[in-house]
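As structure tokens, the structure follows; a few thoughts come after it.
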Amino acid sequence: MSGPGGGRALSSPGKRFGGWMLEILLIIVTLFIGWLIWSLVVWNKAQTPAKQILGMRCVKVDQWRPATMGEMALRELVGKYVLANLTANITTIVGGVMVIADDVNRQALWDRIAGTTVVEDPANAFGF
């Protein structure tokens with residue numbers, strides 16, 4: 001498939017922000033360890049715990065296929081958490097602005113690092 005979302009709707013900036021807030025809540029409620037275990041299970045499905053709940057999935061922009069476990073680890077661990085900790089969370093703010101400003105693929109900084117974007121997939125179109 002070609003074009004933005006590969007024929008699937010890109011997740012809106014508002015829904016992505018809600019997902020980010022839900023992710024923080026899940027980290028707190030599960031005392032991080034539960035969230036980490038859950039993440040390791042769903043990264044194989046190109047999702048995070050919040051994306052799984054909200055029916056979203058990460059896809060590679062160049063091929064419009066679900067991101068692999070390694071690509072999810074790059075996106076989540078390096079793109080989000082390492083950079084956020086190294087830059088006092090400035091990259092989190094920059095990433096949010098990038099999602100709003102990018103009209104084509106709605107890529108945040110961590111999406112650009114991993115070559116991904118987030119699409120709507122409530123009906124599990126990829127068949128996981």
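In what follows, every heavy atom counts, from backbone to side chain, and hydrogens, waters and symmetry copies are set aside. In this text the structure is predicted, and so the values were computed from the model without any measurement.
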Taking Trp38 as the starting point, is it possible to reach Val118 by hopping between hydrophobic residues whose side chains are less than 4.5 Å apart?
yes

With hydrophobic residues grouped by side-chain heavy-atom distances under 4.5 Å, do Ile24 and Leu22 end up in a single group?
no

Checking Arg8 against Phe126: charged group under 6.0 Å from the ring centre and within 45 degrees of the axis?
yes

How many angstroms lie between CZ in Arg16 and CG in Leu54, if you round to the nearest 0.5 Å?
12.0 Å

Candidate pair Glu23 and Lys51, rule salt bridge (Lys or Arg N to Asp or Glu O under 4.0 Å), full reasoning
CA-CA 8 Å; Glu23 206 78 60; Lys51 284 176 184 53; 5.0 Å; no

Okay, side chain of Asp121, backbone of Met56: is any donor-acceptor separation there less than 3.5 Å?
no

Rounded to the nearest 0.5 Å, what separation is found between the CE atom of Met72 and the CE atom of Met69?
9.5 Å

Stepwise salt bridge (Lys or Arg N to Asp or Glu O under 4.0 Å) test for Asp102 and Arg112
CA-CA 11 Å; Asp102 183 354; Arg112 289 182 188 254; 3.3 Å; yes

Say you draw a straight line from CG of Asp103 to CG of Leu10; how long is it, rounded to the nearest 0.5 Å?
10.5 Å

Which atom pair, heavy atoms only, marks the closest approach of Gln52 to Val42?
OE1-CG1, 3.3 Å

Does Lys15 offer a backbone N or O that forms a donor-acceptor pair with the side chain of Ser12 under 3.5 Å?
yes

Closest non-hydrogen contact found for Trp43 with Thr48 is NE1-CG2, 4.3 Å

Using only atom types and a distance under 3.5 Å, with no angle test, would you say the side chain of Lys80 pairs donor to acceptor with the backbone of Thr91?
no

Should Trp35 and Val29 be regarded as members of a common hydrophobic cluster, given that ILVMFWY residues are connected when their side-chain heavy atoms come within less than 4.5 Å of each other, either directly or indirectly?
yes

Tell me whether Phe17 shares a hydrophobic cluster with Leu109, the cluster being built from Ile, Leu, Val, Met, Phe, Trp, Tyr side chains joined at under 4.5 Å.
no

Are Trp20 and Val99 linked, directly or through intermediate hydrophobic residues, by side-chain heavy-atom contacts shorter than 4.5 Å (ILVMFWY only)?
no

Which atoms form the tightest heavy-atom contact between Glu71 and Ala114, and what is the distance?
O-CB, 3.7 Å

To the nearest 0.5 Å, how far apart are OH in Tyr81 and CD in Glu76?
5.5 Å

Distance (rounded to the nearest 0.5 Å) between Ile113 CD1 and Leu77 CG
11.5 Å

Arg57 side chain to Glu120 backbone, donor-acceptor under 3.5 Å:
no

Thr117 side chain to Gln107 side chain, donor-acceptor N/O pair below 3.5 angstrom:
no

For residues Arg65 and Thr68, report the shortest heavy-atom separation together with the two atoms involved.
NH1-CG2, 3.7 Å

Look at atom CE of Met21 and say whether more than 12 heavy atoms of other residues, nucleotides or ligands are closer to it than 6.0 Å.
no

